[in-house]
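Start at 1 with the first residue, then count along the sequence. Remember, predicted model here, so these are calculated numbers, not experimental data.
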Amino acid sequence: MLRRDHDGTWEREYGGVRVAGRSVRVTLWDRIAASDPGLLRLTAGLRTVSAVALTLAVLALLRVGVPYLVAGAMSAMVATFAIREKERARQAVTLALGLPVALASVSLGALLNSRLVAGDLFFIALIFCAVYSRRFGDRGTALGLIGFQVYFLSLFVGATVPALPGLYGAITLAFVCSAVVRFALVPETPSGVLDRLRRAFRARLAQLLAAQVALLDADPEDMEKALDEVRHRTAALHETAMMIQGRLERGTSDETVARLVQRRIADAEIAAERLGLLLLTARSAERADSLTLHLPGAPVPSGGPLPEGDETTATLRRDLEALRLLVLRPVGQETGTALSHVRNRLLGYRDEDNLPPAPSAVQDVFRGIGEAARAVLGLRIALEGPQDDSDDTPATTRSREELDAEDAAIGGSEEAAREEGERTGLERPTTRAAVQVAVGSALAIVGGELLSGQRWYWAVLTCWIVFINTASTGEILVKGYRRLLGTVLGVVGLGLAGLVGHHTWTAFALVLVCIFAMFYTAPLSHTLMSFFVTAMLGLLYTLLNRYSPAVLVLRIEETALGAVCGIVAAALVLPVNTDRRTNELLGTVLARLADVTDAAVDQLSGGPAADLLDKARDLDQALADLHDSTQPLTHPIMPLRARRDTARYVVATLETCAYHARSLAATAELLPEHPSIAADPRLRRAGRRIVGNIEAIAAHVTDERSTTPILTGPSIASMLKPGTLGAPRYDRVTDRVLRHLQRLDEAVAGLARPLHVPVGAPQR
């Protein structure tokens with residue numbers, strides 16, 4: 001029986017205890033927050049559409065012509081999306097600097113419009129400078145983008161010198177409207193974004209727990225589908241954790257609070273991933289390999305579902321659901337509920353005496369639920385402050401004391417300084433990209449002029465776009481393919497232009513819809529974004545009375561030409577092939593993995609404290625960069641299936657290594673304050689072998705002639721003799737440390753075969 005409250009929540013019985021739940025409205029909002037972490041895509045779409053709509057409204061009141069309406073709308077769009085800085089003061093400065101850049105760009109466009117050679121040469125120089133300016137950070141990127149896009153605007157509307165005063169007014173008004181929307185109507189602050197990201201993390205954590213419940217109940221024929229959903233939700237949770245880590249410094253005023261939140265986010269992520277592995281093991285005939293959670297298409301572990309109707313299975317399912325609600329329920333809504341009793345019961349599973357009678361693998365799941373409840377408790381305290389502890393049981397009190405001790409340890413740590421070298425000359429990525437895109441644009445101008453003397457700039461625009469956020473020939477090839485596919489599909493959308501005819505405001509309304517969809521889908525799919533861009537351009541051409549069926553074909557031809565020119569330039573001019581790019585990033589990942597592992601094992605062995613949180617974050621970022629760079633190798637159009645499978649296996653294995661390294665780092669950071677963890681110097685021996693193997697693989701990636709083999713030998717547990725690690729006080733935590741070391745050792749050894757690293761004779 002359910003009881004609904006006025007705030008949209010409901011309560012349900014869980015084992016004789018009433019637990020608060022969620023209404024459809026609240027659940028829908030959480031799903032939106034989870035699908036769009038921080039509501040970044042929604043905010044970007046709303047801000048851009050609002051800026052364009054406000055500009056059009058003011059220009060309409062001034063009764064200007066359609067070309068100025070189009071120029072104002074495009075300028076407002078550029079002024080809004082080009083600025084990516086996170087601090088409001090820096091955004092204001094960049095926006096102010098962008099206006100004179102835009103006015104200068106449209107002036108030169110109007111002056112050089114009738115001078116074919118001079119105009120083309122200047123456009124190529126402008127493109128080079130716009131790309132090269134990316135080396136100066138977000139502000140340089142924004143100003144370069146504004147300069148290029150406004151020059152493109154002048155070509156699109158056919159700017160002339162007599163029309164410049166009207167264009168100045170439209171562009172200035174667009175920048176003012178963009179500022180009003182950015183700072184007043186749809187504001188975005190670092191702390192606000194961080195708060196929304198925190199909510200997204202909790203929503204995605206709850207979705208992962210729901211997927212784990214489905215995995216628990218899945219029949220053998222549905223096991224693969226359920227496991228894929230767990231993989232997807234685990235990756236989504238990690239993505240949100242990375243986004244939070246990237247915004248903590250600007251979103252919090254206190255460095256200690258930022259580090260505390262970072263730690264609690266990492267704890268919750270590790271606990272949730274471990275719980276998934278324990279569930280897999282409980283359903284399998286043997287212990288599940290963590291690689292199964294990271295490698296799509298990995299063999300599904302054998303074994304059937306837990307006995308249906310069994311009391312232990314029912315309790316397990318009930319407690320997983322209760323843990324999910326514990327994640328979702330804000331502290332401020334706990335008044336009048338018995339959620340604290342559920343929390344106490346879940347935390348009680350951290351004590352052996354409270355575990356239900358069941359096979360060892362199933363008991364491990366209950367232990368995992370207890371550890372996950374502890375991580376959720378720490379996360380709630382870090383995000384929402386102290387909570388009522390009047391109903392605490394001894395198990396809950398102990399968990400709070402452990403969290404307090406960890407908070408003190410985190411607060412007293414010092415931040416390590418990091419320095420990175422910078423390349424110079426043509427080796428600098430921005431310089432190389434600037435040269436490549438300039439050459440590609442020159443080819444696109446020549447080819448575009450042959451196709452059409454009026455629409456040649458479409459080819460240049462495509463060439464420009466395929467170079468944005470790409471670093472290798474393979475990435476440019478994939479992006480060009482997606483751009484062309486989206487354009488071809490967008491031709492269907494151009495049919496809207498014919499239906500709208502000369503209904504000006506109906507066309508502008510559809511333009512606003514396309515703009516919102518373009519920015520909302522851009523991070524998800526370049527193909528979808530290209531679809532909406534093409535549909536928008538068709539509508540704008542209708543407004544300018546330049547629409548015809550021939551435009552549809554020309555749009556595809558120019559897009560294909562621009563993509564080909566970009567690919568040719570990337571392949572022939574200072575090329576960075578995909579293998580070179582991925583090998584560089586693979587070497588970085590291995591170096592960061594060795595760094596985290598070495599520091600964590602050293603600290604677990606009694607060494608000095610290190611900044612493991614930042615080291616783990618650097619590892620995660622390097623792995624994310626590697627994952628992006630391997631997309632050309634794992635894309636469905638990749639014809640070499642063996643190479644595609646190898647790339648997927650290597651990335652999945654590295655994700656497995658990163659999970660175990662993060663877990664070791666999280667445990668090591670608790671020393672020496674944690675009451676149930678002690679250092680053991682004998683761990684150094686195991687750590688040396690693992691780190692040595694990682695370095696051997698990294699040496700082989702850097703130089704294929706390297707003959708340094710990886711070393712194999714006895715299991716990690718057998719390398720350690722009984723002693724401190726065997727003391728009852730340290731059994732559970734130590735077992736976990738040894739298990740992570742063993743799995744990390746196995747995963748690192750698993751990289752040798754696909755990377756063709758020699759394996760040395762087993763050590764005794």
Show the numbers, then the answer: is there a side chain to side chain contact (heavy atoms under 4.5 Å, CB included) between Arg483 and Thr559?
CA-CA 8 Å; Arg483 179 78 176 179; Thr559 300; 4.0 Å; yes

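- The shortest side-chain heavy-atom distance between His660 and Arg739 does not fall under the 4.5 Å cut-off.
- A heavy-atom distance below 4.5 Å is not found between the side chains of Thr281 and Asp364.
- Minimum heavy-atom separation, Leu593 to Cys657: CD2-CB, 3.7 Å.
- Within the 4.5 Å cutoff, side-chain heavy atoms of Leu604 are placed close to those of Val737.
- Judged by distance alone, with hydrogens and angles left aside, the side-chain atoms of Thr462 form no donor-acceptor pair with the main-chain N or O of Ala563 at under 3.5 Å.
- Between the side chains of Thr527 and Arg482, no donor N or O sits under 3.5 Å from an acceptor N or O.
- Here the closest heavy-atom approach between residue Ala696 and residue Pro709 is recorded as CB-O, 3.8 Å.
- Between Val596 and Ala616, the shortest heavy-atom distance links the atoms CG2-N, 3.9 Å.
- Nearest heavy atoms, Leu612 versus Ala665: CD1-O, 3.6 Å.
- Remark: Thr708 OG1 to Asn693 CG distance equals 11.0 Å, nearest 0.5 Å.
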Stepwise side chain to side chain contact (heavy atoms under 4.5 Å, CB included) check, Leu654 with Leu590:
CA-CA 8 Å; Leu654 287 170; Leu590 291 169; 4.0 Å; yes

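- Salt bridge present: Asp595 and Lys615 bring a charged side-chain N and a carboxylate O closer than 4.0 Å.
- In this structure, Arg139 contributes its side chain and Phe136 its backbone to no donor-acceptor pair below 3.5 Å.
- No donor-acceptor distance shorter than 3.5 angstrom exists from the side chain of Ser441 to the backbone of Ala438, with no hydrogens or angles considered.
- If you take CG on Asp618 and OG1 on Thr588, they are separated by 11.0 Å, rounding to the nearest 0.5 Å.
- Between Ile710 and Val748, the closest side-chain pair of non-hydrogen atoms is not below 4.5 Å.
- Looking at every heavy atom in both residues, Gly440 comes nearest to Cys463 through C-SG, 3.4 Å.
- Side chain of Asp598 to backbone of Asp602: no donor-acceptor contact under 3.5 angstrom is found.
- Counting only heavy atoms from C-beta outward, the side chains of Val131 and Phe467 never approach each other to under 4.5 Å.
- Separating the CE atom in Met243 from the CD1 atom in Ile265 is a distance of 12.5 Å, to the nearest 0.5 Å.
- In summary, Glu371 and Arg274 do not engage in a salt bridge, as defined by a charged side-chain N under 4.0 Å from a carboxylate O.
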Test Thr240 against Arg204 for side chain to side chain donor-acceptor pair (under 3.5 Å), laying out the working first.
CA-CA 8 Å; Thr240 311; Arg204 285 192 165 183; 3.0 Å; yes

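- In this structure, CG on Leu664 lies 11.5 Å from CD on Gln603, to the nearest 0.5 angstrom.
- Between the Arg283 side chain and the Leu215 main chain, a donor and an acceptor come within less than 3.5 Å of each other.
- Remark: the backbone N or O of Gly140 is paired with a side-chain donor or acceptor of Ser133 at under 3.5 angstrom.
- Nearest heavy atom pair, residue Gly144 against residue Ala130, reads O-CB, 3.3 Å.
- Salt-bridge annotation for Asp228 and Arg231: present, with a side-chain N of the basic residue lying under 4.0 Å from a carboxylate O of the acidic one.
- Comment: Asp620 engages Arg662 in a salt bridge, judged by a side-chain N to carboxylate O separation of less than 4.0 angstrom.
- Between Leu741 and Val601 there is a side-chain heavy-atom pair separated by less than 4.5 Å.
- By the 4.0 Å N-to-carboxylate-O rule, Arg580 lies close enough to Glu584 to be salt-bridged with it.
- Listed for the His700 side chain is a donor-acceptor partner under 3.5 Å among the backbone atoms of His756.
- Relative orientation of the Trp464 and Phe148 rings is parallel, given thresholds of 30° and 60° on the angle between their planes.
- Residues Leu586 and Leu755 meet the side-chain proximity criterion, which asks for heavy atoms closer than 4.5 Å.
- The CZ atom of Arg753 lies 7.5 Å from the OG1 atom of Thr646; values are rounded to the nearest 0.5 Å.
- Proximity of a side-chain donor or acceptor of Ser706 to a complementary backbone N or O of Asp703 within less than 3.5 Å is not detected.
- Under a cutoff of 6.0 Å and an axis angle of 45°, Arg743 and Tyr659 do not form a cation-pi pair.
- By the side chain to side chain donor-acceptor pair (under 3.5 Å) test, Arg41 pairs with Tyr520, sequence neighbours left out.
- Side-chain atoms of Gln436 come within 3.5 Å of backbone N or O of Val573 as a donor-acceptor pair.
- A heavy-atom distance below 4.5 Å is found between the side chains of Leu227 and Leu280.
- When atom types are taken as modelled, the side chain of Thr597 and the backbone of Ala594 share no donor-acceptor pair closer than 3.5 angstrom.
- Salt bridge annotation for Arg233-Glu229: present, with a cationic side-chain nitrogen under 4.0 angstrom from a carboxylate oxygen.
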Worked check of side chain to side chain contact (heavy atoms under 4.5 Å, CB included) between Met242 and Glu239
CA-CA 5 Å; Met242 289 288 294; Glu239 175 195 18; 5.8 Å; no

Stepwise side chain to side chain contact (heavy atoms under 4.5 Å, CB included) test for His238 and Glu655:
CA-CA 11 Å; His238 182 64; Glu655 288 175 345; over 6 Å; no

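- Atom CG of Leu197 and atom CG of Leu40 lie 5.5 Å apart (nearest 0.5 Å).
- Relative ring orientation between Tyr132 and Phe128 is described as parallel, the plane-to-plane angle staying below 30° on a 0-90° scale split at 30° and 60°.
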